[in-house]
**Student:** 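The structure under discussion is supplied below as structure tokens; questions concerning it will follow.
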Amino acid sequence: MSEDKLTPRSENFSEWYNELVLKAELADYSPVRGCMVVRPYGWTLWENIQQALDRRFKETGHVNAAFPLLIPMSFLEKEREHVEGFSPELAVVTHGGGEKLEEPLVVRPTSETIIGYMYSKWVKSWRDLPILINQWGNVVRWEMRTKLFLRTAEFYWQEGHTAHATEQEAREETLRMLNVYADFAINDGAVPVIRGIKSETEKFAGAVMSTTIEAMMGDTKALQSGTSHYLGQNFAKAFDIQFTNRNNELEYAYTTSWGLSTRFIGAIIMTHGDDKGLILPPRLAPIQVVIVPIYKNVEEKARVMEVTERIFAQLKDAGLRLKVDDREEVTPGYKYNDWEMRGVPLRMEIGPKDVEKNSVALARRDVPGKEGKTFVSQENIVETVRAMLETIQQALLARATAFRDANIHEPRDYEELKQVVQNGWAFSYWCESRECEAKVKEETKASTRCIPLEGQPSEPGRCIVCGAEAKRKVYFAKSY
RNA sequence: CGGGGUGUGGCGCAGCUGGCUAGCGCGCUUGCUUUGGGAGCAAGAGGUCGUCGGUUCGAAUCCGUCCACCCCGACCA
């Protein structure tokens with residue numbers, strides 16, 4: 001239960017986050033270091049995320065499949081950058097059936113290699129392309145420092161893997177899926193994100209180009225919330241994905257991969273949550289409306305429950321996700337706090353006075369206290385609730401966007417950049433050299449987050465670090 | 001892996017420079033009264049004090065070891 005108050009966000013953001021995840025019953029620590037147990041409430045949220053994404057994947061022509069958890073060690077070694085990137089964090093299986101294995105198996109940290117191997121078997125002709133497969137699953141990366149949802153040794157995600165006949169098609173696919181992520185994050189998660197390209201040092205191990213949706217958390221740190229990679233022919237060459245093109249020539253395929261994980265739950269928590277707990281966007285919330293019936297005695301209870309059940313049925317039939325909190329052992333006030341901790345976007349109170357007046361009370365989670373409470377007629381309750389949920393959804397996005405924009409700065413010089421990245425993002429010209437990027441990271445802890453696809457100036461400028469000519473601007477920020 | 005912190009009923013903690021039968025709040029169980037912003041009273045249940053070792057007549061308390069977790073840094077979605 002959520003009996004105790006949270007550490008205030010402003011006092012210690014990290015502690016606030018940890019307590020919230022536990023008290024809202026999203027997840028719990030597991031007996032294995034770095035792993036987490038996703039509790040039913042957290043998993044239902046994930047299921048809603050899955051549905052929202054899966055629908056979009058299907059609409060863009062993708063199909064789901066499942067590839068194995070275990071991958072031969074040698075597969076990882078076939079792509080040089082890939083193995084260099086992932087070998088430090090691999091979990092390796094050395095024994096099976098009581099015998100030492102001839103070749104160790106790695107627990108997948110991502111599935112490019114085994115999928116590449118399979119694609120080489122399936123692709124012979126340009127007519128076999130494109131292959132547009134997604135998989136929902138779990139992966140393991142042995143992280144040094146873990147945090148529930150944000151970075152766990154095992155996490156749940158989806159990984160899309162596509163193979164194409166041309167570079168242009170693969171590059172289009174990369175951006176198409178980045179746009180799918182952005183659309184999902186903004187419209188369903190109410191998490192404003194910036195689409196952009198990762199620097200060479202920040203890109204995926206083995207990619208030609210990595211793209212990202214970057215979000216700003218409530219402490220102004222950046223969170224990479226989803227990624228889409230153009231892999232060129234790197235994996236095709238490593239796994240021999242070759243096809244005969246229309247000119248009867250043998251050619252390597254062009255591949256992409258893209259993923260979004262349970263980390264996004266962390267993004268939702270840190271984008272919208274407040275000192276009273278979680279705030280969930282209505283489109284993803286496991287429970288969109290909680291109804292709290294209020295009564296003093298059996299007579300009142302009978303009258304109140306009659307209205308409650310009628311309204312519950314109406315909302316249920318309308319397809320809304322809702323719950324009646326009919327617990328007898330706690331008071332209404334307790335229930336308010338309890339559901340606020342869990343982030344339910346809208347609370348409906350039905351008491352004797354409402355029965356008299358044909359009304360109900362609606363309390364918005366995103367507007368605390370009396371300000372967020374209104375009394376509405378029981379007539380047209382479905383429409384009223386729907387409209388209110390939509391208002392909340394939009395308000396969350398607007399608030400998060402305003403917060404983000406207020407904390408993005410355009411420093412005049414390097415000294416000012418060092419200041420602003422301590423509590424916000426810097427948007428600055430950058431010459432795209434590793435040296436300047438490394439210098440900023442070394443001196444400020446802020447890394448380049450992305451070169452945004454939009455909002456680039458038409459004129460070149462001067463690198464904020466070294467003063468050399470720079471074509472594009474980049475975001476610098478501390479990140480998770 | 002470096003620095004810091006914490007391990008005492010389910011949860012949060014107190015227990016001082018060595019002492020009595022290990023306490024408090026919350027939660028839990030039962031009963032009655034309550035219920036529009038975290039209810040009240042009464043009676044109960046529940047603990048090898050993280051581990052191993054040492055000092056001592058006597059250790060939750062002192063010393064050492066190990067383990068786990070959290071926070072802050074070096075790698076990463």
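Below, chains carry the letters A, B, ... as their sequence lines are ordered, and counting in each starts from 1.
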**Student:** Checking all strands, does A:Leu150 fall into the base, sugar-phosphate, or nothing category for heavy-atom contacts under 4.0 angstrom?
**Tutor:**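 Here A:Leu150 touches the bases of the nucleic acid.
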
**Student:** Pick base, sugar-phosphate or nothing for A:Lys370, based on heavy-atom distances below 4.0 Å to the nucleic acid.
**Tutor:**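 A:Lys370: no heavy atom of the nucleic acid under 4.0 Å.
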
**Student:** In whole angstrom, what separates A:Asp28's CG from B:C69's C1'?
**Tutor:** 12 Å

**Student:** Classify the ring geometry between A:Trp425 and A:Tyr475 as parallel (under 30°), tilted (30 to 60°) or perpendicular (over 60°).
**Tutor:**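 Ring orientation, 0 to 90° scale: perpendicular.
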
**Student:** Under the 3.5 angstrom rule, does the side chain of A:Ser447 hit a backbone N or O of A:Lys441 as a donor-acceptor pair?
**Tutor:** no

**Student:** Could you measure between the two C1' atoms, the one in B:C24 and the one in B:U65, and give it in whole Å?
**Tutor:**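 Roughly 32 Å separates the two C1' atoms.
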
**Student:** Taking atom P in both B:G50 and B:C63, compute the distance separating them and give it to the nearest angstrom.
**Tutor:**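 B:G50 and B:C63 have their P atoms separated by 15 Å.
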
**Student:** Once you round it to whole Å, what is the distance between P of B:G38 and CZ of A:Arg327?
**Tutor:** 15 Å

**Student:** What does the 5'-to-3' dot-bracket notation of RNA chain B look like when only Watson-Crick and G-U wobble pairs under 3.5 Å count, and pairs to other strands show as |?
**Tutor:** (((((((..((((.........)))).((((((.....)))))).....(.(((.......))).))))))))....

**Student:** What's the verdict on side chain to side chain donor-acceptor pair (under 3.5 Å) for A:Tyr334 and A:Asp325, showing C-alpha distance, side-chain angles and the deciding distance?
**Tutor:** CA-CA 11 Å; A:Tyr334 181 93; A:Asp325 188 349; over 6 Å; no

**Student:** So, A:Thr60 side chain and A:Phe57 main chain: donor-acceptor pair closer than 3.5 Å or not?
**Tutor:**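 Indeed, once roles are kept as given, a pair shorter than 3.5 Å links the two residues.
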
**Student:** Check whether more than 12 heavy atoms from other residues, nucleotides or ligands sit under 6.0 Å from atom NZ of A:Lys357, and answer yes or no.
**Tutor:**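 Incorrect, the count does not exceed 12.
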
**Student:** Please tell me whether A:Tyr119 and A:Phe235 form a close aromatic pair, meaning their ring centres lie under 6.0 Å apart.
**Tutor:**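 Centroid distance A:Tyr119-A:Phe235: not below 6.0 Å, so no.
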
**Student:** Whole Å only: how far is the NZ atom of A:Lys357 from the P atom of B:G36?
**Tutor:** 16 Å

**Student:** For B:G5 and B:G46, measure between their C1' atoms and round to the nearest Å.
**Tutor:** 29 Å

**Student:** What I want to check is whether an N or O donor and acceptor connect the side chain of A:Glu19 with the base of B:G12 at under 3.5 Å.
**Tutor:** no

**Student:** How far apart are the C-alpha atoms of A:Lys418 and A:Glu415, what are their side-chain angles, what is the distance that settles it, and do they pass the salt bridge (charged side-chain N to carboxylate O under 4.0 Å, His left out) test?
**Tutor:** CA-CA 5 Å; A:Lys418 285 203 262 187; A:Glu415 284 308 307; 3.6 Å; yes

**Student:** Could you check how far CD of A:Glu328 sits from P of B:U35, rounded to whole Å?
**Tutor:**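 Distance, rounded to whole Å: 13 Å.
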
**Student:** Pick the C1' atom in B:C28 and in B:G9, then give their distance to the nearest Å.
**Tutor:** 11 Å

**Student:** Specify the separation, in whole Å, of atom CG of A:Leu6 and atom P of B:C26.
**Tutor:** 20 Å

**Student:** Please check if the side chain of A:Arg283 supplies one atom and the backbone of A:Asn48 the other of a donor-acceptor pair under 3.5 Å.
**Tutor:**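 Here the side-chain-to-backbone pair does not exist.
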
**Student:** Any side-chain heavy-atom pair from A:Asp366 and A:His272 closer than 4.5 angstrom?
**Tutor:** no

**Student:** Can you find a heavy atom in the side chain of A:Ser14 that is under 4.5 Å from one in the side chain of A:Lys147?
**Tutor:** yes

**Student:** Taking the C1' atom of each, how far is B:C72 from B:C26, in whole Å?
**Tutor:** 31 Å

**Student:** Write down the distance between CD (A:Glu25) and P (B:C11), rounded to a whole number of angstrom.
**Tutor:**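 Interatomic distance, CD of A:Glu25 to P of B:C11: 14 Å.
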
**Student:** 5'-most contact on RNA chain B: A:Phe155 or A:Lys296, nearest heavy atom basis?
**Tutor:**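 Nearest nucleotide further toward 5': that of A:Lys296.
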
**Student:** Any chance you could list the contact pattern along nucleotides 70-76 of chain B? Use B for base contacts, S for sugar-phosphate-only contacts and - for none, protein heavy atoms under 4.0 Å, 5' to 3'.
**Tutor:** SSSBBBB

**Student:** Whole angstrom is fine here: how far is it from CG in A:Asn297 over to P in B:U35?
**Tutor:** 9 Å

**Student:** Assign A:Gly259 to base, sugar-phosphate, or nothing according to its heavy-atom contacts below 4.0 angstrom with the strands shown.
**Tutor:** nothing

**Student:** Starting at CG of A:Asp338 and ending at C1' of B:G27, how long is that distance when rounded to a whole Å?
**Tutor:** 13 Å

**Student:** What contact category does A:Glu340 fall into here, base, sugar-phosphate, or nothing, at under 4.0 angstrom with non-hydrogen atoms?
**Tutor:** base

**Student:** Which whole number of Å gives the distance between the C1' atom of B:G53 and that of B:C11?
**Tutor:** 31 Å

**Student:** What residue among A:Asn134, A:Asn64, A:Asp54 forms side chain to side chain donor-acceptor pair (under 3.5 Å) with A:Gln158?
**Tutor:**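 Among the candidates, only A:Asn134 passes.
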
**Student:** What distance, rounded to whole Å, do you find between the two C1' atoms, one in B:C62 and one in B:G2?
**Tutor:** 28 Å

**Student:** Say we look at B:A42 and B:G37: how far apart would their P atoms be, to the nearest angstrom?
**Tutor:**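 Pairwise P distance, B:A42 against B:G37, rounds to 25 Å.
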
